[in-house]
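Both ligands and their constituent atoms are indexed starting at 1 by order of listing.
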Amino acid sequence: MSLDHFAQRLDDNAQRTLLAELRDAVAQAPFYTPTMPRTGKPMSVKMTNCGSLGWLTDKEKGYRYEPVHPVTGKPWPPIPALLLRLWDELSGYPAPPEACLVNYYAKGTKLGLHRDEDEQTFDAPVLSVSLGDTALFRIGGLKRRDPTRRIELKSGDVFLMGGEDRLTYHGIDRIVPGSSSLLPKGGRINLTLRRVTPA
Ligand code: MD6
Ligand code: FE
C-alpha cells in the first residue's frame, strides 16, 4: 500500500534541469565501480553519491554509508535542489534526505533483487527518480520468495517505497537501449534519496 509510481512526475524541462545539476555533482564526485562484499567482484552499475552520507560497498568493509568519496576522499557534493523539493513534496517525512545514491546503467547492466536495508531507520521512505533509457524494474514483496511483477520506469518517473512496504524486494532486470534521447551516450541514471539516521 505504500508503493507509489508517479509516472512522468518530472517533465522534459525538469529532467534537463536535474541533469545539469547532476553534471556539477559528478564533476566533483566521479562515477566509480563498486565491488561486492567478500568476493570483491565488480558491480555492473557505476556509482556516486550526493548528500552528507553516501552508500558504498567494497570487498573489505561491505555495504555501508560514508561521508566521503572512496576514490577522491572528498565529501560528497550537496543534493540537487530539485531533488530536495521533490522529497518535500512526496515523502511526507519531516526532515530532509541525507543520502542520494546515483547509479549509472550502461546497456546490459542489471541489478539483482535486493532490499534497501543498510539504513539505521526505516521510518522514512526511499524516493527514486529515473532519467534516460527505460528500466524494467522488478518488484516483489517483503519476503525474497514472494511473487514479483514488472514495472517500466521511464525517464522522469518517480517511485516511492515507504511505510509497511519500505523493505520490499526489488531489482532491475534490464535497460531498454535507445528508449530515451535524454542522455547523449544513452543508458540510464537512477537517483535514490534516503534518510540514514533517525530525524
Ligand atoms: C533503480 N532502484 O531503479 C534501482 N531502491 O535503478 C532501487 O534500487 C530502489 O527504485 C529503493 C527504492 C526504490 C528504488
Ligand atoms: Fe534499492
Next on the checklist: Tell me whether ligand 1 is touched by Ile172 - counting only heavy atoms on the residue side and a distance under 4.0 Å.
Outcome noted: yes
Next on the checklist: For N/O/S atoms only: which one belongs to His114 and is nearest the Fe ion (ligand 2)?
Outcome noted: NE2
Checklist entry - For Asp116, what is the atom name of its N, O or S atom nearest to the Fe ion (ligand 2)? => result OD1
Is [X] in polar range of ligand 1, meaning some N or O pair under 3.5 Å apart?
{"X": "Asn103", "value": "no"}
{"X": "Ser130", "value": "no"}
{"X": "Arg194", "value": "no"}

Can you report which non-hydrogen protein atom sits closest to [atom], along with the distance?
{"atom": "atom 3 (O) of ligand 1", "answer": "Arg188 NH2, 2.9 Å"}
{"atom": "atom 13 (C) of ligand 1", "answer": "Ser128 CB, 3.7 Å"}
{"atom": "atom 12 (C) of ligand 1", "answer": "Val126 CG1, 3.3 Å"}
{"atom": "atom 2 (N) of ligand 1", "answer": "Asn190 OD1, 3.6 Å"}

Next on the checklist: For the backbone of Ile139 and the side chain of Arg149, can you confirm whether one donor and one acceptor N or O come within less than 3.5 Å of each other?
Outcome noted: no
Item to check | Whether Asp173 side chain and Phe137 backbone form a donor-acceptor pair below 3.5 Å | outcome: no
Item to check | Result of checking Asp88, Val126, Leu193 against Pro97 for side-chain contact (heavy atoms from CB on, under 4.5 Å) | outcome: Leu193
Item to check | 4.5 Å side-chain heavy-atom contact, Leu111 and Tyr105 | outcome: yes
Next on the checklist: If you define the side chain from C-beta out and look only at heavy atoms, does anything of Pro96 sit under 4.5 Å from Arg195?
Outcome noted: yes
Quick one: which ligand 1 atoms are inside 4.0 Å of a heavy atom on [X]?
{"X": "His114", "answer": "8 (O)"}
{"X": "Tyr105", "answer": "1 (C), 4 (C), 6 (O)"}
{"X": "Phe137", "answer": "10 (O)"}

Checklist entry - Near Asn13 CG, under 6.0 Å, is it more than 12 heavy atoms from other residues, nucleotides or ligands? => result no
Checklist outcome for this item: Heavy-atom proximity to atom 11 (C) of ligand 1 ranks first, among Leu3, Leu191, Asp116, for Asp116
Item to check | Winner among Arg166, Met161, His170 once heavy atoms are compared against atom 5 (N) of ligand 1 | outcome: His170
Checklist entry - Going by the angle between their ring planes, with limits at 30° and 60°, are Tyr93 and Trp87 parallel, tilted or perpendicular? => result perpendicular
Next on the checklist: With clusters defined by side-chain heavy atoms of hydrophobic residues (ILVMFWY) lying less than 4.5 Å apart, directly or transitively, does Trp55 cluster with Leu53?
Outcome noted: yes
Next on the checklist: Can you tell whether the side chains of Arg64 and Asp58 come within less than 4.0 Å, N to carboxylate O?
Outcome noted: yes
Checklist entry - Does a donor on one side chain and an acceptor on the other come within less than 3.5 Å for Arg188 and Ser130? => result yes
